[in-house]
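Report on the following structure.
Starting from 1, each residue takes its place in the sequence as its number. As the structure lists them, so they are numbered: ligands from 1, and atoms in each ligand from 1.
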Amino acid sequence: MNRRHFVKSSVAAAVAFSFQSQILRAAIVGPEGSVSSDINAITLDGAEVTLNASAVQEFGDSIRGNLLLPGSEAYDDARLLLNAQFNKFPALVVQPFSAADVSAAVRFAAENRLLTAVKCGGHAFAGQSTCDGGLQIDLSRMRWVRVDPQRQRAWISGGSLLGELDYETMAHGLVTTAGSVSHTGVGGLTLGGGFGRLGRKYGMSIDNVLAVDIVTADGELRRASATENPELYWAVRGGGGNFGVVTAFEFQLHEQNRQVVSGSYSFPFEQAQQVLEFAGEFAGQAPDELLVGSFIGAFPPDGEPRCSISVVYSGPPEQAEAILAPIEKAGDVVSNSVKTWDYVALQKSGDFDDPRANGAHMESGFIQAMSSEVIRDVLASFEPSPTRATWTIFTHGGGAIGRVAPDATAFVHRDKPHSILSLVGWRAGHDPTGDIAYHRKQSLIWKAHTSGFYTNDLSDETQAMVDATYGANLPRLVEVKNQYDPTNLFRLNANIRPTV
Ligand code: FAD
């Protein structure tokens, strides 16, 4: 029986649940299995503080989830992120099992004024979901999805990964916008905005958030929606992790054909200027169902420069050929991998099979157009090398993303049809200091063309640049921050500083 038909027909009244089993028993996990000595930690101001062993033990005993201490495998698993660049050591890691655990962890952090990091998928480019000496709240034990196909809604916990969302919703022929790597966290990606293969058709992830459950800095669990705490609801849609720990999201879903058409066209690198100019023009005329990305890059060991245009077409598959045909004229096509995909498989196709084996540094910024000058400067900054992986992507916005007013959510850059993402990468164990310095210098060649950056791509931008990227929405964001996090407990992010 057709899977989609089976699901649709069997859920007339039913709602589907998917819970990841909580295999670990609640525990204090460390070399001793209990808190045997006082713990040195770092406060919000960077001062050193000693946490009394019995107070920490009491806290650990009071929660259902895990309290992980240095010296255990589980602690090392939690503290590390995807990007091998970051190797930090929190004083304590809490793995909540529930919203009540998150409240307890936030209260413990606030009472002790502890530097606090919040981790979902661990993909942050700036490495701020872990920290040295503070408290890390690792949400990886809070992974569940509930789908209501009739109402086209999904509820998903704040520690979940995108692949879980895609898999459970597509089982009903439904989707919402999610990013392009399935082990990215729903938490971080959504709160910062959320671009994805279907974003031009259905808007950003935040445009589909109907409500959140969030533990704010006072430890209270609140609901934020258009009618409950509406300012908080406005702010969490683009303001990142600044306002609390989101324990659950409610998403609007959309009917979507499981089959989409996707792949890349490769061109000789010598034609890169003309190919990228074509891609910019073609993207500007694309229907909402079409996403057009462009790429240049070179990777060890051959260091051969490559240039390609990639596409995702999510309209009727039989129309794809005619819609994509003009790309053949962008240059001399060397290879073409475009084919029909299962959407969930496509969403996993860029996953790393060796997570944490790579480090990367990113420079990025929004641009108003893929003009010939922008492309010229990006190409001028690009130096193919057999020893250093470098690549640059032009993303594609617009469509439904651009039809939302810049002040309708905290994400202000609605009018930017593209951004530049430039990366340098290395294998774990390599000292990247020289590569990062080189990359910063090279990126200056094109940076003047950019205007603001996506806060989810935060790398090492200054606070002034972070303030500027929130643009006209900053004063309202500061008001919400003053109300819900006046002590700036949640500061390890693209920070909105309170003024009270
Ligand atoms: P984490 O490192 O776990 O969290 C990042 C930050 O988010 C934390 O510091 C915290 O402030 C906050 N946070 C996370 N969860 C919560 C929560 N539940 N409550 C409160 N705060 C929370 N972005 C796109 O828009 N589209 C893409 O297609 C895309 N692809 C990517 C692919 C890769 C391989 C990588 C590395 C990044 C990609 N990004 C993409 C960027 C991505 O959105 C950010 O890196 C994002 O921060 C990742 O979220 P995370 O939960 O995995 O990260």
Going by the atom numbers of ligand 1, which of them fall below 4.0 Å from some non-hydrogen atom of Leu139?
17 (C), 18 (N)
Show me which atoms of ligand 1 lie under 4.0 Å from any heavy atom of Leu492.
9 (O), 11 (O)
Selected option - heavy-atom contact closest to atom 13 (N) of ligand 1, from Gly188, Ser157, Gly179:
Gly188
Are any of the side-chain nitrogens in Asp207 or Arg414 under 4.0 Å away from the carboxylate oxygens of its partner?
yes
Quick one: look up the protein heavy atom nearest atom 5 (C) of ligand 1 and list residue, atom name and how far away it is.
Ala124 CB, 3.7 Å
Is there a donor-acceptor pair under 3.5 Å between the side chain of Asp213 and the backbone N or O of Thr247?
no
Please determine if Phe195 has a nitrogen or oxygen closer than 3.5 Å to a nitrogen or oxygen of ligand 1.
yes
Polar contact flag for Asn456 and ligand 1 (N/O pairs, less than 3.5 Å)
yes
May I ask which of Asn495, Val118, Leu191 has a heavy atom nearer to atom 8 (C) of ligand 1 than the others do?
Val118
Report, as yes or no, whether the 6.0 Å neighbourhood of atom CD on Glu73 holds more than 12 heavy atoms from other residues, nucleotides or ligands.
no
The atoms of ligand 1 lying under 4.0 Å from a heavy atom of Gly185, numbered in the order shown, are 49 (O), 50 (P), 51 (O), 52 (O)
N/O of Val246 under 3.5 Å from N/O of ligand 1, yes or no?
yes
Counting each atom of ligand 1 from 1 as listed, which ones have a heavy atom of Lys119 under 4.0 Å away?
3 (O)
Can you figure out which of Thr247, Asp351, Leu189 has its heavy atom closest to atom 46 (C) of ligand 1?
Leu189
With a 3.5 Å distance limit and no angle check, can you tell me whether Ser205 reaches the backbone of Thr177 through a side-chain donor-acceptor pair?
yes
Salt bridge between Glu220 and Arg107, side-chain N to carboxylate O under 4.0 Å?
yes
Taking the basic N atoms (NZ, or NE/NH1/NH2) and the acidic carboxylate oxygens, is any pair closer than 4.0 Å for Lys201 and Asp288?
no
Main chain of Met204, side chain of Asn208: is a donor-acceptor contact present, judged purely on distance under 3.5 Å?
yes
Is the count of non-hydrogen atoms from other residues, nucleotides or ligands lying under 6.0 Å from Lys348 atom NZ greater than 12?
no
Does ligand 1 have any atom sitting under 4.0 Å from a heavy atom of Leu81?
no
Could you tell me whether the side chain of Gln463 and the main chain of Asn495 form a donor-acceptor pair under 3.5 Å?
yes
Which of these, Gly158, Gly187, Gly244, Ser129, has its nearest heavy atom closest to atom 20 (C) of ligand 1?
Gly244
Do any nitrogen or oxygen atoms of Gly121 come within less than 3.5 Å of a nitrogen or oxygen of ligand 1?
yes
Quick one: do Asp460 and Arg440 make a salt bridge, cutoff under 4.0 Å?
yes
The answer for which part of Leu82 has a heavy atom under 4.0 Å from ligand 1 is side chain
Indicate yes or no: does Arg222 engage Glu228 in a salt bridge with an N to O separation below 4.0 Å.
no
Backbone or side-chain N or O of Tyr454 under 3.5 Å from ligand 1 N or O:
yes
Show the atoms of ligand 1 that are less than 4.0 angstrom away from any heavy atom in Gln128.
9 (O)
What orientation do His413 and Phe411 show, parallel under 30°, tilted 30 to 60°, or perpendicular over 60°?
perpendicular
Heavy-atom proximity to atom 39 (N) of ligand 1, best of Phe249, Phe125, Phe243, Phe86
Phe125
With a 4.0 Å cut-off on N to O distance, would you call Asp166 and Arg197 a salt bridge?
no
Are any of the N/O atoms on Cys120, whether in the backbone or the side chain, positioned under 3.5 angstrom from an N/O atom of ligand 1?
yes
At the 4.0 Å heavy-atom cut-off, does Gly122 count as touching ligand 1?
yes
With respect to His123, determine whether any N or O atom, backbone or side chain, lies less than 3.5 Å from an N or O atom of ligand 1.
yes
Does ligand 1 have any atom sitting under 4.0 Å from a heavy atom of Gly194?
yes
Is Ala117 in contact with ligand 1, taking contact as a heavy-atom separation below 4.0 Å?
no
Relative to each other, are the rings of Phe59 and Phe108 parallel, tilted or perpendicular (30° and 60° limits)?
parallel
Any N or O of Ser180 closer than 3.5 Å to N or O of ligand 1:
yes
Enumerate the atoms of ligand 1 whose separation from the nearest heavy atom of Gly241 is less than 4.0 angstrom.
11 (O), 21 (N)
